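Lettering of chains follows the sequences in order, A, B, ..., and the numbering in each one begins at 1. A quick note: this is a predicted structure, and the numbers were derived from the prediction, not measured.
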Protein chains: 2
Amino acid sequence: MKNRKSVIRLSRYKNELHRFKTQGAVRIVSNDLAYAVGVTASQVRKDFSLFGISGNRRGGYKIDELIAWLNKILRKDEVQKVIIVGAGNIGSALMQYSGFAKEGIQIIAGFDIDPLKCRRVGAVSIYPLEKLNAFVRDNGIGIGILAVPENAAQPVLDIMVGAGIKGVLNFAPIRLRAPEECVINSVNLVPELENVIYFSNAVREKSE
Amino acid sequence: MKNRKSVIRLSRYKNELHRFKTQGAVRIVSNDLAYAVGVTASQVRKDFSLFGISGNRRGGYKIDELIAWLNKILRKDEVQKVIIVGAGNIGSALMQYSGFAKEGIQIIAGFDIDPLKCRRVGAVSIYPLEKLNAFVRDNGIGIGILAVPENAAQPVLDIMVGAGIKGVLNFAPIRLRAPEECVINSVNLVPELENVIYFSNAVREKSE
DNA sequence: ACATTATTGTGAATTTTGGAACAAAAAAGT
DNA sequence: ACTTTTTTGTTCCAAAATTCACAATAATGT
Ligand SMILES: NC(=O)c1ccc[n+]([C@@H]2O[C@H](COP(=O)([O-])OP(=O)(O)OC[C@H]3O[C@@H](n4cnc5c(N)ncnc54)[C@H](O)[C@@H]3O)[C@@H](O)[C@H]2O)c1
Ligand SMILES: NC(=O)c1ccc[n+]([C@@H]2O[C@H](COP(=O)([O-])OP(=O)(O)OC[C@H]3O[C@@H](n4cnc5c(N)ncnc54)[C@H](O)[C@@H]3O)[C@@H](O)[C@H]2O)c1
């Protein structure tokens with residue numbers, strides 16, 4: 001019912017709504033939002049209805065109200081504090097990504113096993129891995145980003161889970177195991193790119 | 001039929017098969033591969049059957065044969081040359097990512113509008129954006145990674161498509177429009193992270 | 001040789017997801 | 001006041017994806 005895909009779409013709606021708002025719009029109809037996001041209008045309405053969001057049967061939805069609803073559902077009422085483990089290429093890029101702060105996601109600290117990496121990247125301080133447990137407990141952190149090499153990923157995840165992390169966004173290209181009270185989403189770039197390669201060739205061949 | 005998801009799974013299978021192989025395995029049954037990847041055994045068999053891969057009704061699949069098949073389907077017979085447009089945080093991280101080369105994906109050049117960025121990152125040289133068109137044509141490049149700021153994404157994509165790019169992996173959090181002969185996959189990290197946040201809270205609340 | 005066992009390959013059943021359609025409601029016009 | 005128009009909310013339908021289940025069959029054991 002409230003599945004991964006519908007929640008991802010909510011994020012996208014929110015994103016586009018901000019855009020509409022900065023362009024001065026006050027109300028929006030499902031059709032226009034659907035077009036902007038690239039789904040059908042029924043999909044938009046069904047998603048909203050699923051999460052108990054309702055509009056007005058003429059004049060559509062008030063953008064401010066919609067954003068408020070989405071913010072509530074997506075926990076934007078409070079700043080979400082997130083740690084990043086692994087301050088290498090991808091970890092550092094994420095630490096400097098302004099898109100998180102814009103959405104109320106604060107990268108509060110980084111952790112790495114390499115003392116040379118325990119410096120400062122952008123606004124984020126990086127600490128030795130041994131400090132992770134205490135830091136997570138003391139600050140009540142629930143969410144972490146995992147950006148360590150493949151072979152370190154599972155043991156590092158175990159440390160994170162042991163410290164109390166309940167949600168992880170993982171970049172290592174490996175299947176991780178965690179107790180079911182910990183949610184794990186993985187971003188796998190090689191398969192994504194291979195997918196693009198596959199379908200771009202498939203399209204070309206079809207048209208030949 | 002041959003949909004996005006099944007192709008992504010093929011990449012994952014290939015990944016895990018390499019792992020099994022380095023551990024000395026010669027054959028594998030659908031069950032074990034399924035467990036490693038995190039899907040059901042029927043899913044594995046259906047995927048293989050969909051792409052015309054067959055095993056042996058006792059003794060499963062020969063790992064080498066499987067890998068050869070997957071490599072063929074995923075175009076690993078030749079090195080895939082890919083460009084990256086936008087050499088900022090994420091673009092540079094990708095240029096230094098060894099995971100691509102390992103899978104036969106070569107980042108052959110970068111492009112950026114900022115002259116200061118037109119240096120060398122790892123093994124990748126970065127050129128001014130104006131050189132993109134000629135470079136793509138001369139080298140017959142078909143695939144590109146788009147890592148420029150949101151507001152530059154659509155115009156830059158248009159340039160890429162104009163130059164002959166047929167497949168794009170996009171990191172800008174915006175819906176892009178391209179002619180249908182150009183395949184676009186987007187990676188949206190904010191929604192991914194918001195998804196983790198949503199479900200980690202949902203799990204916690206359910207158990208309360 | 002024959003029986004047994006393991007495991008695929010696939011058609012059918014089921015579940016999930018998305019889309020079309022339309023009655024109900026609210027606004028706008030007259 | 002009431003008619004028309006617009007747009008939602010929801011039900012019903014279709015398509016897509018996944019899983020089940022089992023006959024077909026290849027290896028192994030006796
Ligand atoms: N770079 C990319 O663009 C990219 C893209 C997709 C996926 N990934 C994946 O992300 C992960 C990191 O990639 P990267 O390119 O940033 O690698 P990297 O080598 O640049 O960075 C890895 C960092 O993790 C640290 N580390 C190693 N072991 C650790 C441990 N046990 N505890 C804490 N820190 C540890 C290292 O010191 C290093 O700083 C890899 O799994 C990679 O496959 C990277
Ligand atoms: N940094 C991250 O971790 C991250 C994560 C997810 C998504 N993204 C997205 O990726 C994109 C890039 O993010 P970033 O953090 O690397 O930003 P960045 O500002 O570090 O890099 C952007 C680069 O693009 C270049 N650029 C700007 N306009 C250009 C143009 N017209 N043509 C060519 N190059 C141009 C800039 O010179 C800069 O080098 C953004 O859309 C961002 O939302 C970034």
Please tabulate, one pair per line, each protein N/O and nucleotide N/O from nucleotides 9-11 of chain C that are separated by under 3.5 Å, including the distance.
from    : atom 1 : to       : atom 2 : distance (Å)
dG9(C)  : OP1    : Gly55(B) : N      : 2.6
dG9(C)  : OP1    : Gly55(B) : O      : 3.3
dG9(C)  : OP2    : Gly55(B) : N      : 3.4
dG9(C)  : OP2    : Tyr61(B) : OH     : 2.8
dG9(C)  : O4'    : Arg57(B) : NH2    : 2.9
dG9(C)  : N7     : Arg45(B) : NE     : 2.8
dG9(C)  : O6     : Arg45(B) : NH2    : 2.9
dT10(C) : OP2    : Ser49(B) : OG     : 3.4
dG11(C) : O6     : Lys46(B) : NZ     : 3.2

Tell me, please, whether Tyr13(A) has Arg45(A) positioned over its six-membered ring: NZ or CZ under 6.0 Å from the ring centre and within 45 degrees of its axis?
no

Nearest-nucleotide comparison on DNA chain C, the residue closer to the 5′ end among Gly60(B) and Thr40(A):
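Mapping each residue to its closest nucleotide by heavy atoms, the 5'-most match is Gly60(B).
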
I'd like a table of donor-acceptor pairs (distance under 3.5 Å, sequence neighbours excluded) in which one partner is a side-chain atom from residues 161-168 of chain A, with atom names and distances.
none

Report yes or no: do Gln154(A) and Asp158(A) form a side-chain donor-acceptor pair below 3.5 Å?
yes

Do Arg27(B) and Asn56(B) have side-chain N/O donor and acceptor atoms under 3.5 Å apart?
no

[X] has an atom [atom1]; how far is it from atom [atom2] of [N], in whole Å?
X: Asn3(A); N: dT18(D); atom1: CG; atom2: P; value: 13 Å
X: Asp47(B); N: dA16(D); atom1: CG; atom2: P; value: 17 Å
X: Arg58(A); N: dT3(D); atom1: CZ; atom2: P; value: 17 Å
X: Ile8(B); N: dA16(D); atom1: CD1; atom2: C1'; value: 17 Å
X: Leu50(A); N: dT16(C); atom1: CG; atom2: C1'; value: 13 Å
X: Lys2(A); N: dT16(C); atom1: NZ; atom2: C1'; value: 17 Å
X: Trp69(B); N: dT8(C); atom1: CH2; atom2: C1'; value: 16 Å

Specify whether Phe111(A) and Phe135(A) have parallel, tilted or perpendicular ring planes, treating 30° as the upper limit for parallel and 60° as the lower limit for perpendicular.
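Phe111(A) vs Phe135(A) ring planes: perpendicular.
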
So that I can tick it off, tell me whether Arg175(A) and Glu16(B) are bridged by a salt bridge, with the cut-off set at under 4.0 angstrom between side-chain N and carboxylate O.
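Salt bridge flag = no for Arg175(A) with Glu16(B).
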
Salt-bridge test for Arg75(A) and Glu205(B): reply yes if a basic N is under 4.0 Å from a carboxylate O, no otherwise.
yes

Under a 4.0 Å heavy-atom cut-off, which of residues 10-36 of chain B touch DNA chain C?
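Within this stretch, Val29(B), Ser30(B) sit under 4.0 Å of the strand.
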
At less than 4.0 Å, is any side-chain N or O atom of Gln43(B) found next to OP1 or OP2 of dA17(D)? Yes or no.
no

If you look at every heavy atom in Ile90(B) and Ala147(B), which pair is closest and at what distance?
CG2-CB, 3.7 Å

Can Leu189(A) and Leu94(B) be said to form a side-chain contact (heavy atoms from CB on, under 4.5 Å), step by step?
CA-CA 9 Å; Leu189(A) 294 191; Leu94(B) 295 170; 3.5 Å; yes

